[in-house]
Undergrad: 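The structure that follows is given in the form of structure tokens.
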Amino acid sequence: MASDASAPLLEIRGLTKSFPGVKALEGVDFTVRRGEVHALMGENGAGKSTLIKVLTGVYAPDGGTFRLGGAVIRPASTKEAEAVGISTVYQEVNLIPHLSVAENICLGRQPTRFGFVDWAGMTRRAVAALARVDLRIDVRRPLSSYSIAIQQLTALARALDVSARLLILDEPTSSLDAREVGELFQVLRKLRAEGLGIVMVTHFLDQVYAIADRITVLRDGRLVGEYETAKLPRMELVSRMVGRDWSAVAAAPRAVAGVGEPTGEVLLELRNFGRPGLVGPVDFSLRAGEVMGLAGLLGSGRTETARLIFGIERARTGEMRLGGRPIKVHSPRQAIREGLAFTSENRKLEGIIPHLSVRENIILALQAREGLLRPLPRARQLALADEFIQLLGISTPGPEQAVMNLSGGNQQKVLLARWLALQPRLLILDEPTRGIDVGAKAEIEKLVQSLRAKGLAILFISSELEEVVRGCRRVVVLRDRVQVGELTGPALTEEGILQTIAGASHAP
Amino acid sequence: MKTFLTMKQLGAGLLGRGGRWLALAACGLFLASCGEEPAKTPGGAAAEAGGGAKKKQIVVGFSQIGAESGWRTANTESIQSEAKKRGIKLLFSDAQGKQENQINALRSFIAQGVDVIAFSPVIVSGWEPVLQEIKKAGIPVVLTDRAVDAKDDTLYATFIGSDFIEEGHRAGEWLAKATGGKAVIAELVGTPGAAPAIDRKKGFEEVLAKNPGMKIIKSQSGDFNRTKGKEVMEAFLKSPEAKQITALYAHNDDMALGAIQAIEEAGLKPGKDIVVVSIDGVRGAFQAMADGKLNCTVECNPLIGPQLFDAVEALLAKKTLPKRTGVMESVYEQSQAKEALPNRKY
Amino acid sequence: MKPPRLNSQYIPLVATGVVLAVLYVTGGCLFPNFFSLRVLVNLFGGNAVLGVAAIGATFVILSGGIDLSVGAVIGFTSILIATLVEEHHVAPLLAISLALLLGTGFGAGMGALIQRFELPPFLVTLAGMFLARGLAFVVRPDNLGIHHPFYAEGINHSLALQLDSRVSWPFAATCFVALFLVALVLAHYTRLGRNIYALGGDETSARLMGLPVARTKIATYTIGGFCSALAGVVYTFTTQNGDPAACVGKELEAIAAVVIGGTLLSGGVGFVAGTGMGVLILGLIQTLITYQNLNSWWTVIVVGLLLLLFILLQNVVSALSGRLDNTARHG
Amino acid sequence: MRPERFQNRPVRWWSGLEWPVAGLALLLLFNLTFTPGFFHLELRNGHLYGSLVDIINRGSPVVILGLGMTLVIATGGVDLSVGAVMAIAGTVAAQLILRPGFSFPALILASLAVGTLAGCWNGFLVTWLRVQPLVATLVLMVGGRGIAQLLTNGQQIYFEDARLVFVGNGHLLGLPFPVLLSLALLGLTALLTRRTALGLFIESVGDNPRASEFAGVSTRTVKFVVYAFSGFCAGLAGLIDTSNIKSVDANKIGLTLELDAILAVVVGGTALTGGRFSLLGTVVGALFIRTLTTTMYAWNVKSDVAPVPKALAIIAVCLLQSPAFRRRLAAFRRASPS
């Protein structure tokens, strides 16, 4: 482990970056030493990816200073960042799949001979670069013919091919299996020993404790703290990430807000339900009139479970029963016909139809179920829109406002209205309160409870434990894409969830 | 793993088959280099076509411009039926109005070893290189309908077709006679760059030069087709000078027929309010004359099939032909239209 | 896990080779003099204009773009050269250089519009097509033969290679083959060429990999413009004339040749060599249909069908490699 | 967010029409000032007559193609084959009319059906085989004209049948029949999109295909329907053009008209990226293009040179719609002292 005495490799002070309407980073300090693996952690919207993009020259910072090896730097492009020794490997392998491995490593800096690309030289250089990551493959084959793990290592080799001093890995393990992760870590340890500074963004706690020397936690664009991994218990890490003061959580009595007893029959049953590589076996059941939470960190498999249920991805293992009847859902259309509804966590890409009006956004799913030839009369559309604008308190100048002009919370309510208009049996809410203000959050929570009281089954996914605990009767906890526990009754506390997420084995 | 297997099989299959074909292709190339071209034997392709016929069948390659007008349709028809009648094998290729296609077709004819090549060039220029090739291959060329702009007149044996300048003259002279030398004329020009468009304009303007009372006030290309003819005439009729127009000169009947529709839609009487004279003499034009809508058409006879194959046979008999063979044609007026109509073949 | 022996992206290329071979051999079997040297020479000479244009289109399509202005630029270039040489008595080489320069600049201009203002290539090059065609008619409204000795005696006599007593290899075909070789080197042995592949493969990745995306994109359209202009020059070689209406719709033939040559229209995958074969396939189809004495309109139908076939093949291939990815991920 | 940016009105039929209408008005103003007789209208033979009538009459096929193209483009696609489909449909009509005893309504239906069938083929390629629209429709664009030529065996066909001639040449209520047909189609399209859920689905699929799929909209059906409809429109336009000249010329009918149709849609304010569409905008766009052409005839500009102003119009429209251009313009304005 690197000693405290060694001068920092990278030193960022007071980094600020804002986008229209959002302060993505506010006065963040960040330090990386030579020869260490430094985990950068935080939930959604924490500012991790903004930090990385500023560091690699994709975004220009609004304020703050950068020093690399003591010298002030200000990279304005990926190329400039690489030139000073900052290399990045992105989560989605950002290489060109159709080109060969060797080319992917050398693209843009191929060895040349009389001005022409020297393929033999390139092959040699690629082999050498891959040797640094302990990989021996045929580098002339196209990248796409290799597994994701090898593609990841290729990206790593490319990053190392320029004389990198600081290596940034953005969720490098999210598509790898355990053995592949092990191999990757082997390489990282070697690189660490060579004196490289490595920044790693990941959601997997086990992996953080397996490899990271130090941890920096960000939340909502601010620095929470910088810790030695060895001195930071898991529970504390998790609570800092989700923004609950550890001691406060431990002390607080359980806040129960009318979660009530379920009134109905079992509606949804999942047995050994999953899809290898996406989310492991999940087992739970949900009754009508019940709110059940799905908790876990980002990337733990919460969203993936929801998507399997709604038929966006097809389940490969296990069984799903709806109202006692076994069912295989293969498309959202079918799911909707079965009375399921799902609000995606990705409001912009998978939720709103930005240029259409509030009215049109609200009636879309209902109209889709009615079919092409049975248009809802305009009066009915307006009545529905008005009803939901009233009911959910959507703050809009009127039903004909383009939905993109609404605030995030109101967009979320429009989406909720879209699904409620269907009068579904089961409502899956994936992060319904993300990125919206406190007042709107409370309203949505209240709404969820009133829907439950009306007999709706609700699957509630949120990274805010407080919300989950307050609103759910039972909570299923996922970690690293596997179900690790189900909490109910007195065990259902923030502390309980945190402990389940953190896992039994505290020692790394 | 299953996918891999299928991939592999597919790949191997393709490669295998590909390999075999490649081998075949290689054989072909080998044959090519051994066999060489079937030296120029007249009727080389005929052997393949005529089976065991004793008398060598004559093979003629003809490249037509396309099918842009009724005139062209009649022209094609005449050539095809005459070839059939004489038992001559005709290789016919429609160039779809594109010079590139025509050049490629001519080259194919050389390679096929035809006895005579005939074609109606799309445009006047751009033929020298390919005509040189044909000359080198020793195949006589007959130009039909349209001439080419080539300095070396040994590049072709003969040109069978109308004298477009003469047609322009005739149209102009008829109009001068009919209007007493006083006319304000709108002109529908053919496809820019085509020989008939250039020459018909030239011939007509030569007559105008002698008749100071006649002048062209509007002139625009109607591309030898009805659609454009109608569209352009509509625009003419809306111009401020429209009221002065007393005559229309169209480079072919199709444009005139389109324009007649436009004149009628303008509430005018074609043939009376505006005197219409055009060139070609297709059946539709005779009909229009019989109806009193068209005043005169200068015949440009498309039925050159018999003349073409006379020339072909003469060439193969090693006779020399005059550089230019005219076509039998005359000028038709409304008075002749009714009786001529039933006899018109095109 | 053993990777498959034949990489899936070579399947279209192999298929192109197979189609070419089948067509050629079929012709040879059906017609006695099909395997002659002349047919072979005609294939190259008669399709030189298309070949040069298609090579330019290959780069544009590889980068993920499209260029509709090809035919119009050929018409413009040809009439410009003809007018300069015949009417203004400019030295032919000077006229040719000027025309090439203008065409290249034209391509660069379109590229700059596409890159700087993020305009759809389809619309920009469509405007380019209208503009070039209109300007061609402004230069001169009808065709004009070039009688300058440089053309008659230089290009088509001295520079043509006499293969045997009757057949000679035209200089236009030499241009095609030369450009083909240069394009092969450009595509496979220069950083620019590899950047074009990367750009077409994944623009975001290319940007994140630090490649000069903007410069590459503009360069691609510049190459396209140059090739179109060169095709115009070759057109003047093969016909010794200039024609403002020349080569209407040549861009479609060029795109067809590129697709039949195994290049993915979405960009990133493809081969200059495939385009060469694609051009020969189009030429062979035309020759075969003339030989068979079929209505020449069969040509476009067969080309349409072949186009469809290759698009479907590409679909199958990408589906296969998609599944390959999944297998690699989960298997 | 500033409150004045909110608009709390239903999307009126005129919204978004400001720019195209302004362009058209500008062009008309130019003609009013500089082209004598351009606005002259009179009654001849009981029907309206003048340059303006020519514009709407000759503009009809572009309007008709444009209506179909609008829906296709609104889903984020494009249909390059319409010109070739026009040729096929026209050929079918001309061939059937020469068959004695073939009933006229059946003939009309047959040629419209052929157009629709061609559209279905495009739709099939785009939805089921997931071929990019540009490529999928290219197939028919390349091959379609050949099919038409083979149907006529490369010959022109002439006909004089009064009923068929009426389609392209007749007058009703003082107006040319094609104009009435295009108005009827405008009405039909408006009904089809606004009285069924099709319009909503088209816009949502074009605006955000993923979200639409998640909301249960069948993107496949929607796309298939719009391509089929575009084929239908091409069939109708082919019928009109064929009838107009009383003959079929498979070579020339609808040649490059697909480009005019696309241009009309884009000028009309429907973005090439899909989403909100404006049928009236397309009509205005088509009229704009046609007015440009008619203006050039009036000015005796050679028709061959006509593409130049068209090209400049495309670039201008593209730039005006381009966010990047607007950004740069805004930056430029900010940089320069006002």
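First the proteins, then the strands, lettered A, B, ... as listed; each starts at 1.
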Undergrad: C/Asn42 versus B/Glu133: any side-chain heavy-atom pair under 4.5 Å?
TA: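 Sidechains of B/Glu133 and C/Asn42: in contact.
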Undergrad: Which bit of C/Gln240 comes within less than 4.5 Å of chain B, counting heavy atoms only: side chain, backbone, both or neither?
TA: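 When you check distances to chain B, atoms from both the backbone and side chain of C/Gln240 fall under 4.5 Å.
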Undergrad: Quick one, B/Gln132 and C/Asn156 - any side-chain contact, counting heavy atoms below 4.5 Å?
TA: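 Contact flag for B/Gln132/C/Asn156 side chains = no.
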Undergrad: If we only count heavy atoms from C-beta on, is the C/Val49 to B/Glu100 side-chain gap below 4.5 Å?
TA: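 No, too far: nothing below the 4.5 Å cut-off.
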Undergrad: Go through the side-chain N and O atoms of C/Ser296 and B/Gln96 and say whether any donor and acceptor fall under 3.5 Å apart.
TA: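 Indeed, the side chains of C/Ser296 and B/Gln96 share at least one donor-acceptor pair under 3.5 Å.
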Undergrad: Got B/Arg107 and C/Arg38 here, is their nearest side-chain heavy-atom distance under 4.5 Å?
TA: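 They are not in contact (no side-chain heavy atoms under 4.5 Å apart), so the answer is no.
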Undergrad: Does C/Trp169, at its CH2 atom, have more than 12 non-hydrogen atoms belonging to other residues, nucleotides or ligands within less than 6.0 Å?
TA: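 Counting neighbours around CH2 of C/Trp169, more than 12 heavy atoms of other residues, nucleotides or ligands fall under 6.0 Å, so yes.
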Undergrad: Give, as side chain, backbone, both or neither, the part of C/Phe237 having an atom under 4.5 angstrom from any heavy atom of chain B.
TA: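 For C/Phe237, the contact with chain B is made by the backbone alone.
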Undergrad: Would you call C/Asn47 and B/Asn104 a side-chain contact if the rule is heavy atoms closer than 4.5 Å?
TA: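 Sidechains of B/Asn104 and C/Asn47: in contact.
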Undergrad: What part of C/Thr238 gets within 4.5 angstrom of chain B, counting heavy atoms only: side chain, backbone, both, or neither?
TA: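 Contact with chain B involves the backbone of C/Thr238 alone.
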Undergrad: To the nearest 0.5 Å, tell me how far B/Asp149 CG sits from C/Leu144 CG.
TA: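 Atom-to-atom, B/Asp149:CG and C/Leu144:CG are 8.0 Å apart.
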Undergrad: What part of C/Cys247 gets closer than 4.5 Å to chain B, counting heavy atoms only: side chain, backbone, both or neither?
TA: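 Contact with chain B is through both the backbone and side chain of C/Cys247.
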Undergrad: For the atom pair CD (B/Gln112) and CZ (C/Phe31), what is the distance rounded to the nearest 0.5 Å?
TA: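 B/Gln112 CD to C/Phe31 CZ: 7.5 Å, rounded to 0.5 Å.
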Undergrad: Just to verify, what does C/Asp142 make a salt bridge (charged side-chain N to carboxylate O under 4.0 Å, His left out) with, not counting sequence neighbours?
TA: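 For C/Asp142 the salt bridge (charged side-chain N to carboxylate O under 4.0 Å, His left out) partners, ignoring immediate neighbours, are C/Arg140.
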Undergrad: Non-hydrogen atoms of chain C under 4.5 Å away: do they reach the side chain of B/Ile123, the backbone, both or neither?
TA: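 Both backbone and side chain.
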Undergrad: Specify the closest pair of heavy atoms between B/Asp94 and C/Trp297, including all atoms of both residues, with the distance to one decimal.
TA: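 Closest approach of B/Asp94 to C/Trp297, heavy atoms only: OD2-NE1, 3.4 Å.
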Undergrad: On a heavy-atom basis, which atom in B/Ser108 and which in C/Thr290 lie closest, and how many Å separate them?
TA: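 Reported closest heavy-atom pair: CB-CG2, 3.8 Å.
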Undergrad: Under a 4.5 Å cut-off applied to non-hydrogen side-chain atoms, are C/Thr239 and B/Trp127 in contact?
TA: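 No. Closest side-chain heavy atoms not under 4.5 Å.
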Undergrad: With B/Lys136, which residues qualify under salt bridge (charged side-chain N to carboxylate O under 4.0 Å, His left out), at least two apart?
TA: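 Checked B/Lys136 against salt bridge (charged side-chain N to carboxylate O under 4.0 Å, His left out); zero matches.
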Undergrad: Within the 4.5 Å heavy-atom criterion, are C/Asn143 and B/Val124 side-chain neighbours or not?
TA: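 The answer is yes; the side chains approach within 4.5 Å.
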Undergrad: With a 4.5 Å cut-off on heavy-atom pairs, point out which of B/Ser125, B/Ser93, B/Ser63 contacts chain C the most.
TA: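 Counting heavy-atom pairs under 4.5 Å, the top option is B/Ser125.
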Undergrad: Checking the side chain of C/Asn33 only, and the main-chain atoms of B/Ala111 only, is there a donor and an acceptor separated by less than 3.5 Å?
TA: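 The answer is yes, because a donor-acceptor pair under 3.5 Å joins these two groups.
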Undergrad: Quick one: are B/Gln99 and C/Asn241 in side-chain contact, heavy atoms under 4.5 Å?
TA: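 Touching, per the 4.5 Å side-chain cut-off.
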Undergrad: C/Asn293, C/Ile155, C/Ile289, C/Leu294: which one forms the most heavy-atom pairs within less than 4.5 Å of chain B?
TA: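 Answer, by heavy-atom pair count under 4.5 Å with chain B: C/Asn293.
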